[in-house]
Structure formats: C-alpha cells, structure tokens
Amino acid sequence: MDRWKGRVALVTGASVGIGAAIAKSLVQHGMKVVGCARNVEQIQKSAADCVSSGFSGTLIPYKCDLSVEDDVLSMFSWIKVQHQGIDVCINNAGLALPEPLLSGKTSGWRTMMDVNVIALSVCTREAYKSMKERKIDDGHIININSICGHRVINSADAHFYTASKYAVTALTEGLRQELREAKTHIRATCISPGIVKTEFAYRLFSENPEKAAATYKSEKCLQAVDIANTVVYVLSAPPHVQIGDIEITPVDQSM
Ligand SMILES: NC(=O)c1ccc[n+]([C@@H]2O[C@H](COP(=O)([O-])OP(=O)(O)OC[C@H]3O[C@@H](n4cnc5c(N)ncnc54)[C@H](OP(=O)(O)O)[C@@H]3O)[C@@H](O)[C@H]2O)c1
C-alpha cells in the first residue's frame, strides 16, 4: 500500500457500515480519503477517531446525496479545487428497499437505481475524467457489488435490488473493457460480499427490526472490516494484476 500514501480516494457511503470501515482502513494506510454520505456528522466522528488513533492519513467528510446528480458533480468540482483530483474511487453506497416485482412502488425501484446504478456510473465517469486530466495511469475504481450481482435468491424483497447489482457486474466488466480500449492502466474491480453485519438489513426492513435482526442471527456473518481488508488486498495487487471480481461470503453461508 506504500504507493497510495498521500494519494486521494473517494469512498461513497462512508457514514456507516462497509463504507465507514473502508474509509478508516485507507486512512490507516496513509491515504487522503474524501468520505461522502448524507449523514456527514457520522463521518466527522470517524474522522475524529482516525485522528485519535494516530492514523497517518486524513478523512475528509463531505455531505452528498448521491441520488442528486448536481450534488455529485459539485463534490467532484470541490475535490478538484481542494485536493486536485482522485486516484481511487470506491463506489460503496447502496441500498435495498422491500419492493417486490409484483407489488413494489416505482419510487422505491427508482431510488435503488439512482444510488446503486446511476450514482455509481456518474462517480465512475467523473473519477476517470479526474484521473485522465492529471495523467494518472495507475488509478483504481472499485465497485462494492454483492453475491446478488451473480445469482437470483428467492426473496421477493430483494429481486429489484438483485437486478441493480447484476447491473453492477455488467458495469464493472464494461468499464474494464473501455479502460483497455482507452489504453490506460487504470483498473476496475468489483467486490461481491455475502451477508455483512451493518445497517443494511435494518434499512431494508425499517418497518420490521426483528426481521432485520434475524438476518444477522448467525454469529459468523462477515464484518465490515472483512470487506475493508479485501479492498486493501485489491489496491495492493502489483500493477500488472487485474482483479475482476472477488466473491466473499461467510463460511457457513449456503447461497
Ligand atoms: N450488508 C450486506 O450484507 C451487504 C452484502 C452485499 C453487498 N452489500 C453492499 O455493500 C454496500 C454498503 O452497504 P452496507 O452494508 O455498508 O449498508 P449500510 O450500513 O446500510 O450503509 C449504506 C451506506 O450507503 C449510503 N447511502 C445510501 N443512500 C445514499 C444516498 N442517497 N446518498 C449518499 N449515500 C447514501 C449511506 O449513507 P447515508 O444514509 O448517511 O447517506 C451509508 O453510508 C452497498 O452497496 C450494499 O449493496 C452489502
């Protein structure tokens, strides 16, 4: 990770869960991390934790609603002015809403598409633009996908979310191909976790916290730090190694 010291990473959805763990871990490795989310106060707390832990990098909180394109574009302009640009983009923010295909609300489907697919694509395009204009040839774009990006689990509450994550699989591979055609050495990777203990299920089942708690009943769920460690592994790969997709699940998970 030495080559990333002092360089700039954007982590979306850095307020809680996997994004918060990734942001802290990159700061621990000496990176300058812009962490964005709507709940910026939570990121400010993480930034204070990084300082009190003596981490060598910095966490810079930025308030952004990723479902609003103007917010995302303003964030990239701000990063350009304040920190020149970004070298690593971690598209982590994402959500599932319980909106089945036969009865779900269109607004819920749109919210999932806006954050899980459109915001990820806008951030990717803007991150590439930032790397290209500064002639950064070793940048990395990492998408936090899901095992739901690879198989359809029989759960009506997750079917639309699953479709949005299949899109992430296609977007990551399409990106890899476009980067090769553009003759850059910028890399594209997706990380596809199974169940990770975060706020995710509590947000999915916000009307039914018991159902959310049952999702995490296994003591052997992945922890957010397991995904942060995977990001570090991906960023540590030597320049000639392209990691396309890593599936990471709890040992006991059946799907
Ligand atoms: N937990 C799992 O079991 C699991 C499994 C596989 C894949 N994943 C994927 O991992 C990623 C992170 O999930 P998590 O488990 O860490 O979930 P989480 O604890 O619910 O965190 C979700 C993050 O996304 C951010 N976010 C959501 N909507 C946003 C918006 N409109 N604008 C800005 N930020 C927004 C949230 O920030 P604010 O609410 O503060 O804006 C929060 O930081 C997601 O892409 C998810 O699909 C999770």
Side-chain angles (χ1 to χ4, degrees), residues 10-25 33-46 59 61-72 74-75 89-97 107-108 110-123 142-151 153 155 157-158 160-169 171-172 190-206 209 212-218 220-228 230-231 245-250 253 255:
L10 170 66
V11 178
T12 69
S15 55
V16 292
I18 295 170
I22 295 171
K24 277 190 181 171
S25 174
V33 177
V34 176
C36 77
R38 293 162 302 181
N39 185 351
V40 75
E41 293 77 19
Q42 200 60 45
I43 309 176
Q44 283 158 352
K45 281 187 199 152
S46 287
L59 177 56
Y62 189 96
K63 187 178 176 70
C64 179
D65 183 344
L66 292 158
S67 64
V68 179
E69 184 173 7
D70 282 350
D71 257 27
V72 179
S74 299
M75 174 174 70
C89 177
I90 316 279
N91 286 308
N92 162 77
L95 77 160
L97 295 169
S107 59
R110 275 196 217 289
T111 302
M112 285 185 264
M113 287 309 278
D114 281 345
V115 178
N116 299 0
V117 178
I118 301 294
L120 173 145
S121 302
V122 173
C123 288
I142 300 177
N143 294 330
I144 305 303
N145 194 352
S146 167
I147 53 157
C148 292
H150 302 281
R151 39 199 179 269
I153 292 152
S155 163
D157 287 333
F160 197 92
Y161 169 75
T162 297
S164 75
K165 290 300 190 180
Y166 263 69
V168 174
T169 302
L171 290 167
T172 312
C190 71
I191 296 173
S192 300
I195 294 175
V196 189
K197 202 167 186 179
T198 65
E199 287 190 12
F200 186 84
Y202 290 96
R203 293 178 180 215
L204 167 60
F205 301 119
S206 58
T215 308
Y216 300 132
K217 67 179 182 307
S218 154
K220 290 182 186 143
C221 284
L222 295 172
Q223 302 297 318
V225 71
D226 297 319
I227 312 307
T230 311
V231 168
D245 191 347
I246 295 183
E247 276 195 32
I248 165 167
T249 54
Q253 190 168 324
M255 53 200 184

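Remember, predicted model here, so these are calculated numbers, not experimental data. Count residues from 1 along the sequence. Start at 1 and go down the list; that is how both ligands and their atoms are numbered.
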Exercise for the section: Tell me, please: is Leu95 in heavy-atom contact with ligand 1, that is, under 4.0 Å? Expected result: no
Fill in the blank from the handout: the protein heavy atom lying closest to atom 21 (O) of ligand 1 turns out to be Val16 CG2, 3.6 Å
Completion exercise
At under 4.0 Å between heavy atoms, what of Ala20 touches ligand 1? The answer is neither
Practice task
Would you tell me which option among Ile90, Ile18, Asn92 has the nearest heavy-atom contact to atom 11 (C) of ligand 1?
Solution key: Asn92
Handout entry: Ligand-side contact atoms (ligand 1) for residue partner Glu199, heavy atom cut-off under 4.0 Å
Key = 19 (O), 20 (O)
Exercise for the section: Using non-hydrogen atoms of the residue, decide whether Gly194 is closer than 4.0 angstrom to ligand 1. Expected result: yes
Problem - Short N or O distance, Cys36 and ligand 1, threshold 3.5 Å exclusive - result: no
Practice task
Step by step, work out the salt bridge (Lys or Arg N to Asp or Glu O under 4.0 Å) result for Lys63 and Glu41.
Solution key: CA-CA 9 Å; Lys63 187 178 176 70; Glu41 293 77 19; 5.3 Å; no
Handout entry: Check: Arg38 N/O within less than 3.5 Å of ligand 1 N/O
Key = yes
Practice task
Please verify whether a non-hydrogen atom of Lys165 lies at under 4.0 Å from ligand 1.
Solution key: yes
Exercise for the section: Just need the protein heavy atom nearest to atom 47 (O) of ligand 1, so name the residue and atom and give the distance. Expected result: Tyr161 OH, 2.6 Å
Handout entry: N or O contact, Gly13 vs ligand 1, cut-off under 3.5 Å
Key = yes
Handout entry: Side chains of Thr169 and Asn145, donor plus acceptor under 3.5 Å
Key = yes
Exercise for the section: Please confirm whether Asn145 comes under 4.0 Å of ligand 1, counting heavy atoms of the residue only. Expected result: yes
Exercise for the section: Give the atoms of ligand 1, by number and element, whose distance to some non-hydrogen atom of Ile195 is under 4.0 Å. Expected result: 3 (O)
Problem - Test item: side-chain donor near acceptor, Ser155 and Asp157, under 3.5 Å - result: no
Handout entry: Donor on one side chain, acceptor on other, Thr12 and Asn91, under 3.5 Å
Key = no
Practice task
Give yes if a backbone or side-chain nitrogen or oxygen of Leu66 is under 3.5 Å from a nitrogen or oxygen of ligand 1, and no if not.
Solution key: yes
Fill in the blank from the handout: Nearest non-hydrogen contact to atom 43 (O) of ligand 1 from the set Gly17, Ser15, Ala224 belongs to Ser15
Handout entry: Nitrogen or oxygen atoms of Tyr216 and ligand 1 under 3.5 Å apart
Key = no
Handout entry: Close approach of Tyr202 to ligand 1, heavy atoms, under 4.0 angstrom
Key = no
Handout entry: Nearest-neighbour protein heavy atom for atom 26 (N) of ligand 1, which is reported as residue plus atom name and distance
Key = Ala93 CB, 4.0 Å
